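Down below is the structure, laid out as structure tokens.
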Amino acid sequence: MAHTSHQSMRRVLRREIAGTIGLLADEHDFTAMRRYRSFTFDDHTTYLQQVEALLRTLAAQGNHTTVALFDPEEYAEFCTDTGLDPDAPSSRTRFTAELATTGAIVLYEGQPLTELVPELIDEAVRQATWEYATTLLAQIGNCASCGEDIGRAAFTRAMELLTRILDTADPGERHIVCSVSAKPQALVAVLRADQNPDGAPQLDESEALEFATVLAVGLATRSPGGLVMRTSAPDTTDRVYGWRLRGDDLAPLTAGEVFDAYCTDVESGDLVSPESGVDYCTPPDLGDDYGQGGAATDGHTH
């Protein structure tokens, strides 16, 4: 009786353990792991099927499971730095546990891998973009004339602009894309925001910080770039408008410029048909204090 009770308690405890699975999402990474004899899979498709079956089993048992991208190169570096044997399952477990705290992860909620993998890759790209943008801001240094930390000032300015953009947007769902042609790598950030019943924007704080960081890079480095906003609400026409980065400020795009941007294929440059029920328009006035293509409000030129 006591033995049965102990088994039952262990089953209850097992349901309260959160776990992470390191996923080899593409064929190239899977092939790289096959150099280890302890990695027994020899077919990527079968491997993915087994991972998905395991995820379903864990979910059916009530377990909370997240999935992380397993990068073989990062794994090899991790083993070198920690002195672990890379050809040991326990080492892969240690690395996966590290990913759970530092890497890009997605919660498994019953979605098929065909949906989870793109979501996971997007999350990894988003995290890498934010880390890269943060590093760029930190490396800019101080203004030669006033001693101000340029990166920090640009981030403050970016948060002010983002707040004003959200405050002046139409009610409903907001989808904003910020692109910055920074060198050596272009940066893109996406922010989605809904509206609370009291009218205040409802958004993910991490996404907002990442978005502002990318915008701050454009402002601080005076790189070419822009923001495009799309608002959607029931029984209304979607509105699309935007701004270009001009120095450390924003300048509104004309309705024609927004139309051209939305109706041009990025890769080929060919025109594509505009969406029906979409109004390509000029953005609302952000106010003199927030910039509409004029001089910077702090009076500094970095």
Side-chain angles (χ1 to χ4, degrees), residues 129-130 132-170 174-191 193 201 203 207-231 239-264 266 269 278-302:
T129 297
W130 177 69
Y132 179 65
T134 301
T135 300
L136 285 181
L137 283 181
Q139 292 175 343
I140 294 174
N142 298 335
C143 175
S145 59
C146 69
E148 183 177 31
D149 186 311
I150 297 174
R152 183 175 300 171
F155 181 80
T156 300
R157 173 72 170 161
M159 286 298 294
E160 292 173 349
L161 288 168
L162 176 58
T163 299
R164 188 59 180 165
I165 288 170
L166 292 173
D167 286 346
T168 57
D170 290 338
R174 298 91 177 266
H175 183 272
I176 322 173
V177 178
C178 177
S179 57
V180 175
S181 299
K183 294 183 180 180
Q185 178 179 327
L187 302 174
V188 177
V190 178
L191 177 63
L203 46 79
E207 277 192 6
L209 289 174
E210 292 153 8
F211 187 95
T213 302
V214 170
L215 175 56
V217 168
L219 298 174
T221 61
R222 297 174 173 266
S223 299
L227 285 76
V228 175
M229 161 81 88
R230 180 168 184 154
T231 62
R239 300 182 75 233
V240 178
Y241 51 83
W243 299 262
R244 68 166 52 87
L245 272 63
R246 179 177 289 172
D248 54 2
D249 209 347
L250 297 178
L253 296 173
T254 66
E257 288 172 327
V258 175
F259 179 88
D260 289 343
Y262 250 72
C263 300
T264 302
V266 176
V278 175
D279 181 15
Y280 303 92
C281 54
T282 56
D285 188 355
L286 297 182
D288 294 338
D289 291 341
Y290 293 92
Q292 289 287 286
T297 58
D298 63 2
H300 296 143
T301 300
H302 297 134

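Please read these numbers as outputs of a predicted model, since none were measured by experiment.
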Spatial distance of atom [atom1] ([X]) from atom [atom2] ([Y]) [nearest 0.5 Å]:
X	Y	atom1	atom2	answer
Leu137	Arg152	CG	CZ	11.0 Å
Ile176	Leu166	CD1	CG	4.5 Å
Tyr280	Arg230	OH	CZ	6.5 Å
Leu161	Thr156	CG	OG1	11.0 Å
Leu191	Met229	CG	CE	8.0 Å
Leu136	Thr213	CG	OG1	11.0 Å

Please enumerate all residues that pass ring-ring contact (aromatic ring centres under 6.0 Å, His included) together with Tyr241, with sequence neighbours excluded.
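Checked Tyr241 against ring-ring contact (aromatic ring centres under 6.0 Å, His included); matches are Trp243.
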Between [X] and [Y], what is the shortest heavy-atom contact and its length?
X	Y	answer
Ala220	Ala154	CB-CB, 3.6 Å
Val190	His175	CG1-NE2, 3.5 Å
Leu187	Ala133	CD1-CB, 4.0 Å
Pro283	Pro252	CG-CB, 3.5 Å
Val180	Gly218	CG1-CA, 3.6 Å
Gly242	Val258	N-CG2, 3.9 Å

Do Leu245 and Leu215 have side chains that get closer than 4.5 Å, going by heavy atoms?
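With C-beta onward as the side chain, the pair touches.
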Min side-chain heavy-atom separation Leu286-Ile165 under 4.5 Å
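Yes, at least one pair of side-chain atoms sits under 4.5 Å.
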Stepwise side chain to side chain contact (heavy atoms under 4.5 Å, CB included) check, Val188 with Val177
CA-CA 7 Å; Val188 177; Val177 178; 4.0 Å; yes
